[in-house]
Every structure is written in C-alpha cells, then in structure tokens.
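Only one structure is covered here, and it is reproduced in the block below.
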Amino acid sequence: MQISFKACDIGRCKSLCCRNCAVLTKAEVSELITNANKEYSLELEPKKFFRKVKGERGIYYAIKMIKGRCIFLNKENRCRIYLCRPTLCKLYPVIDIGKVDERCPMAKDLPPDAIIGLKRRYAEEVDEDIKAEQTFLFV
Ligand code: SF4
Ligand code: SF4
C-alpha cells in the first residue's frame, strides 16, 4: 500500500504491511492527527487510535491494532489515512536499517535503486531513538 512505482496487489497480500504496529514519537502522533484532520476531516482521539509503548530510550506511541489489523485499515484493505500515514509505513518494505521484508510481494519487483532510496530514507527519516530500540513494551 506504500509503494508508488507499481500498484500493490492487495488481493494477493491482503495488505500484509498493515498487520504490524507502526511506532511513532509524540511529535509524529500530533502531526498525524493534524494532517488526518486536514486531509480527511478525521477527528482522531489519541487514546482511541494509539497505545503507549516503552523502549529503553523512552516512551512512544503504537497505532492500535484490531484483530491483527491496523485500526486505519478499512474493509477493502486500504489505508484510511494514506496521505498522512507514518514514515515507517511510507518506507515499507524496508523495515529496519538495511532490512527488507521479503514477504511483501512487491519487494522483489522493486528496482535496486528504489530499494537503495528507501533504505537511505529509513536511515535519514526514522527517529534516531526508534531506530535504536530493540523491543517495545505496551504500558
Ligand atoms: S505488503 Fe507489499 S504489496 Fe502488499 S500492500 Fe503492502 S507494500 Fe503493497
Ligand atoms: S497507517 Fe495506513 S499504511 Fe500504516 S499500517 Fe495503518 S493502514 Fe497501513
């Protein structure tokens, strides 16, 4: 759902990428809430859509999941906040420094330059503390 080079085959993957919690900083949550209101006229109540998680470096916010699906995924397996989705969603299938989620059907179709670009963006755009965390615990 995040790649613009070629349409995702959602029928095949059922939006696999939206079955993990994206973790955001407090500032990123505020930005997402503001942008979702601007782009989609959504009023996102923070406690309804985000859960606090704790790492070794601090407190963050995970998008809530419902029955293993991101709360923003609609019945057609599409993102309801696509234009303002979190950075981690935009960079998928790159899921860590230098790591690609090979389960994504698009991952092997992407040109090498595109993957390199996403990895570079991961290094530059993902919050330094989030990148450094090993595990997140719900609090
Ligand atoms: S898992 Fe891959 S192919 Fe499927 S929606 Fe996500 S990015 Fe697109
Ligand atoms: S915010 Fe959107 S793109 Fe990100 S996991 Fe949720 S539904 Fe998918």
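Quick caveat, the model's predicted, so the values are computed rather than measured. All values below come from the heavy atoms of this structure, side chains included, with hydrogens, waters and symmetry mates left out.
- Scanning both residues, V100 and A107, for their nearest heavy atoms gives CG1-CB, 3.9 Å.
- The shortest non-hydrogen separation linking Y40 to I81 is CE1-CA, 3.6 Å.
- I71 is connected to L83 through a chain of hydrophobic side-chain contacts under 4.5 Å among Ile, Leu, Val, Met, Phe, Trp and Tyr, so both are in one cluster.
- C18 contributes atom SG, which lies 12.0 Å from atom CZ of R80 (distance to the nearest 0.5 angstrom).
- Ionic pairing of D9 and R12 is present here: one or more N-O contacts between side-chain nitrogen and carboxylate oxygen are shorter than 4.0 angstrom.
- Side-chain contact between C89 and F72 is absent, with no heavy atoms from C-beta onward closer than 4.5 Å.
- Side-chain N or O atoms of R121 include none that pairs as donor or acceptor with a backbone N or O of V126 at under 3.5 Å.
- The distance from atom OG1 of T87 to atom CD of E124, rounded to the nearest 0.5 Å, is 12.0 Å.
- No single ILVMFWY cluster, assembled from side-chain heavy atoms under 4.5 Å apart, contains both I130 and M65.
- In the hydrophobic cluster analysis, where Ile, Leu, Val, Met, Phe, Trp and Tyr join through side-chain heavy atoms closer than 4.5 angstrom, L118 is grouped apart from I116.
- Annotation: K131, atom NZ; neighbour count of heavy atoms from other residues, nucleotides and ligands within 6.0 Å is above 12.
- Cluster membership for L42 and I66, using ILVMFWY side-chain heavy atoms within less than 4.5 angstrom, is shared.
- Within a 6.0 Å radius of CZ in R120, no more than 12 heavy atoms belonging to other residues, nucleotides or ligands are found.
- Expressed to the nearest 0.5 Å, how far CG of L16 lies from NZ of K14 amounts to 12.0 Å.
- Side chains of Y122 and L88 form a contact here, defined as non-hydrogen atoms less than 4.5 Å apart.
- Nearest approach of L73 to C79, heavy atoms of both residues: CD1-N, 4.2 Å.
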Donor-acceptor contacts under 3.5 Å from residues 49-62 side chains, at least two apart:
from, atom 1, to, atom 2, distance (Å)
R57, NH1, D129, OD1, 2.8
Y60, OH, E133, OE2, 2.6

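- Here the straight-line distance linking atom CG of N20 with atom CG of D101 works out to 7.5 Å at 0.5 Å rounding.
- One finds the NZ atom of K119 at 11.0 Å from the CG atom of D96 (value rounded to the nearest 0.5 Å).
- Considering SG of C70 and CG of N77, their distance stands at 11.5 Å, rounded to 0.5 Å.
- More than 12 heavy atoms of other residues, nucleotides or ligands lie within 6.0 Å of CD in E125, so this atom counts as buried by the packing criterion.
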